[in-house]
Participant: 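One structure is given below, represented as structure tokens, and several questions about it will come after.
Letters A, B, ... mirror the listed sequences (proteins, then strands); counts begin at 1.
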2 protein chains.
Amino acid sequence: MYGMAMDTRERLVESTRALLWERGYVGTSPAAILDRAQVGQGSMYHYFRGKSDLAQAAMERTADEMKRQIAADMSAPGTAFERIRSYLHRERDVLKGCPIGRMTLDPEVYASEPACEPLDDTFQWLCETLRGVLEEGKRDGEFVSSLPSAPVATALAAVVQGGYVLARAAHDPARFDEAVDGALELLAGFVRRSHD
Amino acid sequence: MYGMAMDTRERLVESTRALLWERGYVGTSPAAILDRAQVGQGSMYHYFRGKSDLAQAAMERTADEMKRQIAADMSAPGTAFERIRSYLHRERDVLKGCPIGRMTLDPEVYASEPACEPLDDTFQWLCETLRGVLEEGKRDGEFVSSLPSAPVATALAAVVQGGYVLARAAHDPARFDEAVDGALELLAGFVRRSHD
DNA sequence: GTCTATATCATGATAGAC
DNA sequence: GTCTATCATGATATAGAC
């Protein structure tokens, strides 16, 4: 499989993923997709019903890939706190923003039930995963038992999404890191002084 | 002034503000602006040089209004923690998202130096304001002195922006409230047990 | 399967009448 | 100042050749 040249359909999906990330749905034209994929117009309408159908396939793949990435970050060895830090501080192309999060702001995506499904699913899954790690930490005596894992998990997911926004406003990835550091400092307040 | 009918220029700016909020810059056409403002095409090009010039005026006004709103939230009576909660839990049209934050994701806005200026300015100002309130709380003995106010201020600003994203993904404003509650619970860990 | 017309409509801006 | 043509361009989809 590896090293195999991408076939036409594949190039269309990858081209669309890149453009949706950069420009969103309303900002991406079929012509730009075809140009980037080096594919003629006919091919797109052969494999897909149109722009929205192609975008759906692209978003579903992006959602799947993001879940894989998060799972990898969070299943690294180490304490619960370290695993969460590992996710929050993973190397990112911060100024490009989140390929999933940015789609939620697109008016046409927001209005489409099937288009929102992978986005909602990804964030539900992320929050649930973070909550699981926090719960593990509580069970292992790493975090104090009063840590409210569900809202804190949601807050952590929000800090990542909001960190992208602050960084883009300033054209400075350091704003993302600062937000994440602030969240980790707050979370560190719930780490037990001494494990038994 | 009050009760005065909006003049043409004013209607154009307000119409643009509403549409930028709903659809972003690339998703908003001059025709839609004119239609909503009930204004003819000629008027727009009389008062403004074009779409981008009008959008600039609209974003600057939105930024100004947001800063006024935040200042009002955060200068309410009460402890530092209460003032921060008052900002975070202010009544919002959560599913519409943040009119400033959403613009940062727009590719054309992001690429334009003057367009980004009011966005960057607003978030800088917000983080600085939050940091000031946290510092006050430390000075008054409300927060423990180890609270790192700058990164925590950035994290709080990020939670708000990210809360909008999570809420829109789920079409459920409760996700915003959950994120904000998580952040407040974390912050509460830094409130001194007993003030002197 | 992939390509090149082609059709239709929207976009963003201009010109010129009133 | 405001309006209604008008224009060049691009967006989205279809048709039909190869």
Participant: Does Arg11(B) come within less than 4.0 Å of Glu14(B), counting only side-chain N to carboxylate O?
Facilitator: no
Participant: Please report, rounded to the nearest Å, how far the C1' atom of dA5(D) is from the CG atom of Leu34(B).
Facilitator: 15 Å
Participant: Checking Glu142(A) side chain against Thr79(A) main chain: does a donor-acceptor pair fall under 3.5 Å?
Facilitator: no
Participant: Hey, mind stepping through Thr16(B) and Thr28(B) against side chain to side chain contact (heavy atoms under 4.5 Å, CB included) and telling me if it holds?
Facilitator: CA-CA 8 Å; Thr16(B) 304; Thr28(B) 297; 5.6 Å; no
Participant: Salt bridge or not between Arg36(A) and Glu22(A)? Use side-chain N to carboxylate O under 4.0 Å.
Facilitator: yes
Participant: Any protein N or O atoms within reach of nucleotides 1-4 of chain C? Criterion: under 3.5 Å, listing atom names and distances.
Facilitator:
{"from": "dT2(C)", "atom 1": "OP1", "to": "Thr8(A)", "atom 2": "OG1", "distance (Å)": "2.9"}
{"from": "dT2(C)", "atom 1": "OP2", "to": "Tyr47(A)", "atom 2": "OH", "distance (Å)": "2.8"}
{"from": "dC3(C)", "atom 1": "OP2", "to": "Gly40(A)", "atom 2": "N", "distance (Å)": "2.6"}
{"from": "dC3(C)", "atom 1": "OP2", "to": "Ser43(A)", "atom 2": "OG", "distance (Å)": "3.4"}

Participant: Verify salt bridge (charged side-chain N to carboxylate O under 4.0 Å, His left out) between Arg139(B) and Glu136(B), making sure each step is shown before the conclusion.
Facilitator: CA-CA 5 Å; Arg139(B) 226 173 24 243; Glu136(B) 265 186 70; 5.0 Å; no
Participant: Counting N and O atoms only, with roles assigned by atom type, does the side chain of Thr129(B) sit under 3.5 Å from a partner on the main chain of Trp125(B), one being a donor and the other an acceptor?
Facilitator: yes
Participant: Measure the distance from CG on Leu54(B) to P on dA13(C) and round it to the nearest whole Å.
Facilitator: 11 Å
Participant: Does a donor on one side chain and an acceptor on the other come within less than 3.5 Å for Gln69(B) and Glu65(B)?
Facilitator: no
Participant: N/O contacts under 3.5 Å, protein versus nucleotides 8-11 of chain D?
Facilitator:
{"from": "dA11(D)", "atom 1": "OP1", "to": "Ser29(A)", "atom 2": "OG", "distance (Å)": "3.3"}

Participant: Could you tell me the separation between the CD1 atom of Ile33(B) and the P atom of dA13(C), rounded to a whole number of Å?
Facilitator: 10 Å
Participant: Is the NZ or CZ atom of Lys138(A) both under 6.0 Å from the centre of the six-membered ring of Phe190(A) and within 45° of that ring's axis?
Facilitator: no
